[in-house]
Amino acid sequence: MKQNNDKKVENLPTQAGFFGEYGGRFVPPQLTEALIEVEEAYLDAKKDESFQQEFRRLLKHFVGHPSPLYLAQNLTSKYGGAQIYLKREDLNHTGAHKINHTIGEALLAKRMGKTKLLAETGAGQHGVALATAAALLGLECEIHMGAIDVAKQHPNVLRMQLLGAKVVTVKSGGRCLKDAVDSAFATFIADHEHTFFGIGSVVGPHPYPMMVRDFQSIVGEEAREQILEQEGRLPDNLIACVGGGSNAMGLFAAFLNDPVSMTGVEPGGRSFKPGDHAATLTLGKPGTLHGMFTYLLQDDQGEPLPVHSIASGLDYPGVGPQHSYFKDSGRVEYVTATDKEALKAFSILSRTEGIIPALESAHAVAHAIKLSPTLKKDKVIIVNLSGRGDKDVDYVAPLLGIE
Ligand SMILES: *Cc1c(COP(=O)(O)O)cnc(C)c1O
């Protein structure tokens, strides 16, 4: 597909939080006021030099930025085509990109005089990142998590507790992520005076898709500077996995007005049958969920469909509204990688480069090793390695025949 990458991208979202027709703020009236408060505080903090300096200081000295941009020479020679660079967000404190936006959210909460961070979590990655930021900045933290996820992701539950967070086990409904979201929203409505809702991706009602994107944009800003320094030119392709879309948006944001192709990789799972994947942009239709209008995997009644991915951080039936806009405008191409392809990429990257990637990030690597051999050797691909795979080894080892 020919990508529409000459077109200048306007400064989105609009004041009402729309990216084209997507985004917005579709919430019950009790929440509107609380969201306007967040929006106003964020727009004010964005202009405030001291807020930005403190955010950048913590990203540098606490998280470990700038993360390296690493030319994966072994992987590149194995496939014989375009050079593959890895943006090493796996090296961040806590092992993934999520810490970038949770620190931004915690700083904003403090600035607003809030005493508590509240969120839902699925696999627990966002909960751990938020609990880390809460501990750092002296805030209380309450994380809602479905009972099934609590049982499946026990190490992350322990991490959150060690970091001082209260973990609320949600026993209603399907006892998974969606039920945790409903439970956390209800708590927020009851106490938004003292509480800041820390959303875990570029999803939800305005201003979250914009705000989380801005906090994550450090990734693309660094990568752009680093590739200019190392190659003396811009890359040809950017590749990132897409769950809610925050690590992808963080990388893409700095290159939107450049002649650079961008690919978001969705989880193709076991098959394209409903319930077997979470390829929202590839197979979904627009609708409203969690306060936003965006592509969704939904049934005829507009109810979210069950989703699956080998990478629990990617199994979400929605996607950030800016990605929906980029899909329709053609600025970004969205493809899928299956569970099998991700698993294979996980193994290959571990063995060829000595880097064990998160299963989420392995989807992006899987696409890079498909694309590289189709391009000339002087082309440059940057893959966002959004996280490290330590969390996945117990699950992956038997699948790869390792006891
Ligand atoms: C949560 C997670 C993702 C998916 O979230 P996005 O918002 O799409 O970035 C990807 N990679 C890792 C390592 C994660 O923890």
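Numbering of ligands and ligand atoms starts at 1, following listing order.
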Q: Which of the numbered atoms in ligand 1 are below 4.0 angstrom from a heavy atom of C241?
A: 10 (C)

Q: Could you work out, for atom 10 (C) of ligand 1, the closest of R388, E360, H101, M249 by heavy-atom distance?
A: E360

Q: Which of the atoms of ligand 1 are close to G243, meaning less than 4.0 Å from one of its heavy atoms?
A: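 That gives atoms 8 (O) of ligand 1.
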
Q: Would you say the side-chain atoms of Q322 pair up with the backbone N or O of P209, donor to acceptor, closer than 3.5 Å?
A: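 No.
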
Q: Taking atom CD of Q230 as the centre, does the number of heavy atoms from other residues, nucleotides or ligands within less than 6.0 Å exceed 12?
A: yes

Q: With no hydrogens and no angle check, is any side-chain donor or acceptor of D299 less than 3.5 Å from a backbone partner on Q301?
A: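 Present.
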
Q: Using the six-membered ring wherever Trp is involved, compare the ring planes of Y316 and H290 and label them parallel, tilted or perpendicular (cut-offs 30° and 60°).
A: parallel

Q: Is the closest N or O pair between G200 and ligand 1 shorter than 3.5 Å?
A: no

Q: What I want to know is whether G244 and ligand 1 share at least one N or O pair that is separated by under 3.5 angstrom.
A: yes

Q: List the closest protein heavy-atom neighbour of atom 4 (C) of ligand 1: residue, atom name, distance to the nearest 0.1 Å.
A: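 The answer is G313 O, 3.4 Å.
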
Q: Under 30°, 30 to 60°, or over 60°: which ring-plane class applies to H126 and H101, parallel, tilted or perpendicular?
A: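 Rings of H126 and H101: tilted, 30 to 60°.
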
Q: Please confirm whether F197 and F185 have ring centers closer than 6.0 angstrom.
A: yes

Q: At a 4.0 Å threshold, what atoms of ligand 1 neighbour a non-hydrogen atom of N247?
A: 6 (P), 8 (O), 9 (O), 10 (C)

Q: Say whether K391, considering both its backbone and side-chain N or O atoms, lies within less than 3.5 Å of an N or O atom on ligand 1.
A: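 The answer is no, given that K391 and ligand 1 share no N or O pair closer than 3.5 Å.
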
Q: Ring centres of F326 and F19 under 6.0 Å apart?
A: no

Q: With a 6.0 Å cut-off on ring centres, are Y325 and Y22 close enough?
A: no

Q: Does the S361 side chain pair with the main chain of S386, one donor and one acceptor, at a distance under 3.5 Å?
A: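 A pair under 3.5 Å: yes.
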
Q: F51 vs F215 aromatic rings, parallel, tilted or perpendicular, using cut-offs 30° and 60°?
A: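 The rings of F51 and F215 sit tilted, inter-plane angle from 30° to 60°.
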
Q: Between H126 and ligand 1, which part of the residue brings a heavy atom under 4.0 Å of the ligand: side chain, backbone, both or neither?
A: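 Under 4.0 Å from ligand 1, H126 contributes no heavy atoms.
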
Q: Does ligand 1 have any atom sitting under 4.0 Å from a heavy atom of H97?
A: yes

Q: Suppose I only count heavy atoms of G387 and a 4.0 Å limit; which atoms of ligand 1 are within that range?
A: 13 (C)

Q: I'd like to check which ligand 1 atoms, numbered from 1 as shown, lie under 4.0 Å from a non-hydrogen atom of A358.
A: 13 (C)

Q: Would one find an N or O of K98, backbone or side chain, under 3.5 Å from an N or O of ligand 1?
A: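 For ligand 1, there is an N or O atom that lies under 3.5 Å from one belonging to K98.
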
Q: Which of the numbered atoms in ligand 1 are below 4.0 angstrom from a heavy atom of S246?
A: 6 (P), 7 (O), 8 (O), 9 (O)

Q: Which ligand 1 atoms does S386 reach within 4.0 Å, using its non-hydrogen atoms?
A: 10 (C), 11 (N), 12 (C), 13 (C)

